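The structure under discussion appears below in the form of structure tokens.
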There are 2 protein chains.
Amino acid sequence: MDVARSEVLVISTSVACRSCQARHGVVCGALSAGQLSELGRHSLRRKVDAGCEIIAQGSENSFYSNITRGVVKLCKVMSDGRQQIVGLQFAPDFVGRPFVRESTLSAEAATDAEICVFPRNLLERMILETRELQRSLHAQALNELDAAREWMLTLGRRTAEEKVASLLHLIAAHAETATSTAFDLPLSRAEIADFLGLTIETVSRQLTRLRKEGVIRIENIRHITVPDMDALAKKISG
Amino acid sequence: MDVARSEVLVISTSVACRSCQARHGVVCGALSAGQLSELGRHSLRRKVDAGCEIIAQGSENSFYSNITRGVVKLCKVMSDGRQQIVGLQFAPDFVGRPFVRESTLSAEAATDAEICVFPRNLLERMILETRELQRSLHAQALNELDAAREWMLTLGRRTAEEKVASLLHLIAAHAETATSTAFDLPLSRAEIADFLGLTIETVSRQLTRLRKEGVIRIENIRHITVPDMDALAKKISG
DNA sequence: ATTGCGATTTGATCCAGATCAAATCTCCGT
DNA sequence: ACGGAGATTTGATCTGGATCAAATCGCAAT
């Protein structure tokens, strides 16, 4: 997303922030009706296509957002092009790093998504003013920290097969279907590789291996079925 | 640390928490004089030897602490024994995971250390009551999250040499000497391996390689000198 | 339907780091 | 000073996953 353009849009909008309320967004869920109305006057509901960069690594944090639909990937890239996905976020997560000027990572829509965009200054003021918002963002930060550390174990100590199984398990847990036994992958093979610290070839080979073992079925390139979730879980050494 | 024993000690102490104040601990730095005095009556200053387990993975979070001296490692272990260090904490960091019943990781003193121990219930009440404490712990959680994600990049995408250089750089940045060009390693080779997702043999080989290249001098097994910090930094691809 | 191109899979080979196996080094207790 | 045991280094070899190289698939544009 282009920063200058987004600021123009923020100013021009005047509708209340209904999308977040509907999804119990982290931000809107913590605000009073009055605050919600003030925030709504300056916020913007925005559709972003898969691949759209919401925040660029190294750019100024000039706005924050709530995801209301879709999946966002957080990514770090090195100067020589190597890159690592360091987090996946799902609705209704908050996106952004409060209280730091420059972003150390990029946030990019992994699927088509919808976000609710808030101007930085207004939101930071509300965080400092509103205990419940602070508490709620603190809770999300702690949850993300738990997830990041769990993933550090996966990156540092699990085999390729365990890594792929871990990813499928993670996606299944966040899938929107009730059963979560069949789901769409929000990531391409290249993105999966960047999340797992592997190459696309290894990811592909491990997926076909899991398929041949009967642990998963690959309905098509982006759609997986897991006949027996326990069999998948057994692939991940605890 | 034995949980039952620590609770007895907490109850029996009645001195104010002066060690934290001196080090501007995350907790004590955020409290008023009155709160400090209440907290002090229920807190405990405690020396722990290197290797002492402060929190056990899977145990109940029944207290929190502030580090006032030394280094604490956060560690996750798998049922088959593989383990991964997922964070290092230095004075005056806060140790513990507020608002969650069971710890998903262990915290262990990496060096001889001193911590200030608070009972869980009292501290959680103070977090909810005291905006400044909430803010301060939120800030620490966000910093730890940044550090965890930076380390995910290291674990997933850097080579063994870059990993070892990254670790030395990290330690140097937290060293207590002003120059930080010479420092003690708070970790054994085995712990370094568990932090970097490598084996001890690879860690040892990369250290001697950096030594032979003149990037570091190994004064003795736990003490490193870096003649030129830029040369070390150049080993870490950005 | 056909073409074209990027994404994915599959195959062949390579190599960074793991594993197995000794030497050394450190340092503690006697 | 003298064991002795664990920690560290060094050496030899192996291997999981990377790299290089082709197919093959999926699908959008014509």
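The sequence lines fix the lettering, A, B, ..., with proteins before strands; numbering per chain opens at 1. Computed from a predicted model, the values in this text were never measured in an experiment.
For B:Thr208, the side chain to side chain contact (heavy atoms under 4.5 Å, CB included) partners two or more places apart in sequence, or in a different chain, are B:Arg211. Considering only residues two or more places apart in sequence or on other chains, B:Pro98 meets the side chain to side chain contact (heavy atoms under 4.5 Å, CB included) condition with A:Leu142, B:Tyr64, B:Phe94, B:Ile127. A search for side-chain hydrogen bond (donor to acceptor under 3.5 Å, both in side chains) contacts involving A:Ser106 returns nothing, not counting sequence neighbours. For B:Asp184, the side-chain hydrogen bond (donor to acceptor under 3.5 Å, both in side chains) criterion is met by no residue, not counting sequence neighbours. Every residue two or more places apart in sequence or in another chain that forms a ring-ring contact (aromatic ring centres under 6.0 Å, His included) with B:Phe90 is listed here: B:His174. A:Arg157 pairs by the salt bridge (charged side-chain N to carboxylate O under 4.0 Å, His left out) definition with B:Asp194, not counting sequence neighbours. Contacts of B:Asp146 classified as salt bridge (charged side-chain N to carboxylate O under 4.0 Å, His left out), with partners at least two apart in sequence or in another chain: A:Arg97. With sequence neighbours excluded, the residues forming a side-chain hydrogen bond (donor to acceptor under 3.5 Å, both in side chains) with A:Gln89 are A:Glu144, listed by chain and number.
In terms of phosphate contacts, B:Thr208 brings a side-chain nitrogen or oxygen within less than 4.0 Å of OP1 or OP2 of D:dT10. Dashed line: the shortest gap from a side-chain N or O of B:Ser204 to OP1 or OP2 of D:dT10 is not under 4.0 Å.
From one end of the helix from C:dA1-D:dT30 to C:dT30-D:dA1 to the other, with five pairs defining each end axis, the axis direction shifts by 50° (rounded to 10°).
The nucleotide whose nearest atom lies closest to any side-chain atom of B:Leu198 is, among D:dT10, C:dA18, D:dA18, C:dA18. Ranking D:dT9, D:dA18, C:dT8 by closeness to the A:Thr199 side chain, first place goes to D:dA18.
Residue A:Ile218 contributes atom CD1, which lies 11 Å from atom P of D:dG26 at whole-angstrom precision. Between B:Arg209 atom CZ and D:dT10 atom P the separation is 14 Å, expressed in whole Å. The CZ-C1' distance, from B:Arg189 to D:dT10, rounds to 14 Å in whole Å.
Within residues 157-164 of chain A, the residues approached by DNA chain D to less than 4.0 Å at the level of any non-hydrogen atom are A:Thr159, A:Ala160, in residue-number order.
Residue pairs meeting the ring pair (Phe, Tyr, Trp, His ring centres under 6.0 Å) criterion with at least one member in residues 191-238 of chain B, sequence neighbours excluded, are B:Trp151-B:Phe195.
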Protein N or O to nucleotides 21-27 of chain C N or O, pairs below 3.5 Å:
none

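Scanning atom types as modelled, one donor and one acceptor separated by under 3.5 angstrom connect the side chain of B:Arg205 and the base of D:dG11.
In this structure, B:Glu161 does not pair ionically with B:Arg205, as no charged nitrogen and carboxylate oxygen lie closer than 4.0 Å. By the 4.0 Å N-to-carboxylate-O rule, B:Lys235 lies close enough to B:Glu213 to be salt-bridged with it.
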